[in-house]
Amino acid sequence: MKLDLVTSLYVFMLAAFIGFEVIRRVSPLLHTPLMSLTNALDAIAVVGAIILAGEYHAHGGTMAKILGTIAIVAATSNIVGGFLITDRMLRMFKASGPRKP
Amino acid sequence: MNNFLASDYLIEITYLLATALFILSLKWLSSPTTARRGVFAGEIGMFLAIVGTLLHHGIVEYKWILIALVLGSIIGVPLGKVAMTAVPQRTALSHAFGALCVTLVGTAEFYLRAPDVPPFMMAVLSMEVILGSLTFTGSLMAAGKLQEVLPQRPITYKGQNLVNLGSLGVAVVIAGFLVAHPDKTHLFPLIIAIPLAFGVMMIIPIGGADMPTVISLLNSYAGLSAAAMGFVINSKLLIVAGALDGASGFILSVNMSKAMNRSFTNVLFGAFGQAQAATAGAVEARPVRSATPEEAAGILAAANKVVIVPGYGMAVAQAQHKVRELYDSLTKKGVEVRFGIHPVAGRMPGHMNVLLAEADIPYDKLLDMDEINGDFPQTDVALIIGANDVTNPAARTDASSPIYGMPILDVDKARTVMVIKRSMGAGFAGIENPLYFMDQTLMLFGDAKSFVGNIVRELSGNSHGA
């Protein structure tokens, strides 16, 4: 258990560095889609909610099921809504070249 | 990890692939040409991870999971179809949903584990629920203000920062106590309730123009709380996703605070909206030059290079489609038209670009402040639509100005400056703009949408006459 937490800290640190390097390169043009996309990705928390709602718990099972179910609804709406709107926005960005004669 | 089943390896592989796809997703977002591929990569990663999780052998009941997944999708679809002007409040709302998910899972995890919660676990659990609950109410408040169901006017009172930070401090102290004594479960609701109240109090003093910074900051908090949840449930995938989101929100917050000339600590402690200056004193009636749509059209048609500077006022007037028509008719006449966009134009980072892209303006004509500023001396006409403080040269020259030091668009260096404005009223910070009194400036008084429409009509009339 202890070792796992240390590994997790390393993962967090490395991911934060990757995040800074990758996101620094995103053009200000796309900062709104960036926020809606990271929001959708963030909703991967749904994984934890699914396990919480679906696993067997010796005690507190009802509480876990109720909270987990609400959490899945909240996260799923972010996933679906976030990907949808990001793609809608990005489809609007067109280059000037070939569009018009 | 002792009895690892074959299916567990399969699940871990889906998580590993999802992690890689998430990073690629953000990498591809860096350019408009690859950005949609990025969304696709994110979707595949998400799909893999969810399917992988459903294979988890510990799951004994699927009914509620499937109902919740369907219900969430039904709620998500309309949230993905809102108007582009409403994207800031939609984004704030999705921060609230993300934070709600994290807070609920954190709460359940605590009560399932209590009273035997190891100190490190209790520490990250506390971080998860504190950040989660303050982001939840803070984002709801921000969404309410943006949607204008709540008063947008900042509400401030004496000692506000002390009360806010004090209450958050109390929550952190209680969390610290719980780390040492996790069996005191009756204290746990406090580290949810206090941050919930803090989230509300944090947004009360914030006005509309500070929203880009606030949304970015809440984005960062939402990411960090998700990463904390990753520690609690030991999901490396969630840690990575949370760290990416946290980093993204952090970078955007720093960008926004720089663009507003606020120090980052100022932003971190939520002391926005405090810079309201009392400079409304002696406003002398100085002469300005104004022009009619006809005159403006003549000047624009004779120009070689035009830079349009849009502000949130343009979006409020819904003038972006008229601006597109102006762009089209000028381009047809051989005038080079580009757009200069300040980082805080709009209600969230990059909002103005989305609004202009929606109006079909090619993205390579949308230039960031740093890209366009060097070109103003060679610009014939700078046309300002619904922007004010971000064009105020006092930010460069007048050390006594409240916005001194704020990076601005150097429109005053253009040969002719035209400003579409309803009246001579000051900007959100109540600061007079010396730009309006300069010799090369022409004021175009009127509603942005109808004024631009009139210019377009004049321009097409001219072309018929010629």
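Everything numeric in this text was worked out from a predicted model, so none of it was measured. Throughout, a chain's letter reflects where its sequence line sits, starting with A, and its residues are numbered from 1.
A:Asn78 places a side-chain N or O within 3.5 Å of a backbone atom of B:Ser94 that can act as its donor or acceptor partner. Checked by atom type and distance alone, the side chain of A:Ser77 never pairs as donor or acceptor with a backbone atom of B:Ser73 at under 3.5 Å.
Heavy atoms of B:Phe231 lying under 4.5 Å from chain A belong to its backbone as well as its side chain. Interface residue B:Lys365: only side-chain heavy atoms are found under 4.5 Å from chain A. For A:His59, the parts sitting under 4.5 Å from any heavy atom of chain B are the backbone and the side chain alike. Of the atoms belonging to B:Val82, heavy atoms from both backbone and side chain fall under 4.5 Å from chain A. For A:Ala40, the part lying near chain B is the backbone, with the side chain staying farther off; criterion is any non-hydrogen pair under 4.5 Å. Using a 4.5 Å cut-off between heavy atoms, A:Ile50 touches chain B through backbone and side chain atoms alike. Contacts between B:His351 and chain A at a heavy-atom distance below 4.5 Å involve backbone atoms as well as side-chain atoms. Heavy atoms closer than 4.5 Å to chain B are found in the side chain of A:Ile79, but not in its backbone. With a 4.5 angstrom heavy-atom cutoff, B:Tyr15 touches chain A only via side-chain atoms. For chain A, the nearby part of B:Leu100 is the side chain; its heavy atoms alone come within less than 4.5 Å. Residue contact with chain B, scored on non-hydrogen atoms closer than 4.5 Å, involves the backbone and the side chain of A:Leu9 alike. Both the backbone and the side chain of B:Leu366 have a heavy atom closer than 4.5 Å to some heavy atom of chain A. If you measure heavy-atom distances from B:Val87 to chain A, the contacts under 4.5 Å come from the side chain alone. Proximity to chain A (any heavy atom under 4.5 Å) is shown, for B:Leu66, by neither the backbone nor the side chain. With a 4.5 Å cut-off on non-hydrogen atoms, B:Thr331 does not touch chain A at all. Proximity to chain A (any heavy atom under 4.5 Å) is shown, for B:Leu112, by both the backbone and the side chain. With a 4.5 angstrom heavy-atom cutoff, B:Lys81 touches chain A via backbone and side-chain atoms both.
The nearest pair of heavy atoms linking B:Trp64 to A:Thr69 is CB-OG1, 3.7 Å. In terms of heavy-atom proximity, B:Ile65 sits nearest to A:Ala53 at CG1-CB, 4.3 Å. In plain terms, the two heavy atoms of B:Ile215 and A:Met35 that are nearest each other are CG2-SD, 3.4 Å. For the pair B:Asp364 and A:Ser96, the tightest heavy-atom approach, listed with the atom from each and the gap, is OD2-OG, 2.5 Å. Between A:Ile44 and B:Leu238, the shortest heavy-atom contact is CG2-CD1, 3.6 Å. Here the closest non-hydrogen pair linking A:Ala45 and B:Val102 is CB-CG2, 4.4 Å.
Ranked by heavy-atom pairs under 4.5 Å with chain A, the first of B:Leu356, B:Ile361, B:Asn255, B:Ile251 is B:Ile251. Taking chain A as the reference chain and counting heavy-atom pairs below 4.5 Å, the highest number among B:Lys63, B:Glu109, B:Arg90 is found for B:Arg90. Contact count against chain A (heavy-atom pairs under 4.5 Å) is highest for B:Gly42 among B:Gly98, B:Gly242, B:Gly42. Contact count versus chain B (heavy atoms, under 4.5 Å) is highest, among A:Arg88, A:Arg25, A:Glu55, A:Met63, for A:Arg88. Across A:Gly19, A:Ala74, A:Ala64, the residue that shares the most heavy-atom pairs under 4.5 angstrom with chain B is A:Ala74. Note on B:Val105, B:Ile75, B:Ile341: by heavy-atom pairs under 4.5 Å with chain A, the leading option is B:Val105. Among A:Asp42, A:Leu37, A:Leu90, A:Asp87, the residue making the largest number of heavy-atom pairs under 4.5 Å with chain B is A:Asp42. Of the listed residues (A:Gly68, A:Gly54, A:Ala58, A:Pro33), the one with the most heavy-atom contacts under 4.5 Å to chain B is A:Gly54. Ranked by non-hydrogen atom pairs under 4.5 Å with chain A, the options B:Lys236, B:Met369, B:Lys27 are led by B:Lys236. With chain A as partner, the option from B:Gly38, B:Gly246, B:Ala68, B:Ala247 having the largest number of non-hydrogen pairs under 4.5 angstrom is B:Ala68. Put simply, of A:Asn39, A:Ile72, A:Ile66, A:Leu84, the one with the most heavy-atom pairs under 4.5 Å next to chain B is A:Asn39. For chain B, the option among A:Ile18, A:Ile51, A:Leu67 with the highest count of heavy-atom pairs below 4.5 Å is A:Leu67.
Note that OG1 of B:Thr103 and CD1 of A:Ile70 are 12.0 Å apart. Values are rounded to the nearest 0.5 Å. Distance check, rounded to the nearest 0.5 Å: OG1 of A:Thr38 to CG of B:Asp245 gives 4.0 Å. Here the CE atom belonging to A:Met89 is positioned 10.5 Å from the CD atom belonging to B:Glu358, to the nearest 0.5 angstrom. Put simply, CG on B:Leu355 and CE on A:Met92 are 9.0 Å apart, with the number rounded to the nearest 0.5 Å.
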Practice prompt. For the pair A:His31 and B:Ser216, evaluate side-chain contact (heavy atoms from CB on, under 4.5 Å) and give the outcome as yes or no after the intermediate values.
Written response: CA-CA 10 Å; A:His31 275 168; B:Ser216 311; over 6 Å; no
Determine whether B:Ser25 and A:Leu41 satisfy the following criterion, side-chain contact (heavy atoms from CB on, under 4.5 Å), listing intermediate values before the conclusion. CA-CA 9 Å; B:Ser25 172; A:Leu41 299 183; 4.2 Å; yes
Set out, in order, the CA-CA distance, both residues' side-chain angles and the distance that settles side-chain contact (heavy atoms from CB on, under 4.5 Å) for A:Leu52 and B:Leu104, then state yes or no.
CA-CA 10 Å; A:Leu52 178 70; B:Leu104 293 177; over 6 Å; no
Inset, instruction - For B:Leu26 and A:Leu34, run side-chain contact (heavy atoms from CB on, under 4.5 Å): C-alpha distance rounded to whole Å, both residues' side-chain angles, the deciding distance at 0.1 Å, then the answer. - result: CA-CA 8 Å; B:Leu26 291 176; A:Leu34 167 70; 3.9 Å; yes
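The shortest distance between side-chain heavy atoms of B:Met84 and A:Thr32 does not fall below 4.5 Å. Using a 4.5 Å heavy-atom threshold, the side chains of A:Val22 and B:Ser30 count as separate.
Residue A:Tyr10 places its OH atom among 12 or fewer non-hydrogen atoms of other residues, nucleotides or ligands, all under 6.0 Å distant. Within 6.0 Å of the OH atom in B:Tyr111, the count of heavy atoms belonging to other residues, nucleotides or ligands exceeds 12.
In this structure, B:Phe250 and A:Phe20 have perpendicular ring planes: the angle between them is above 60°, well past the 30° mark.
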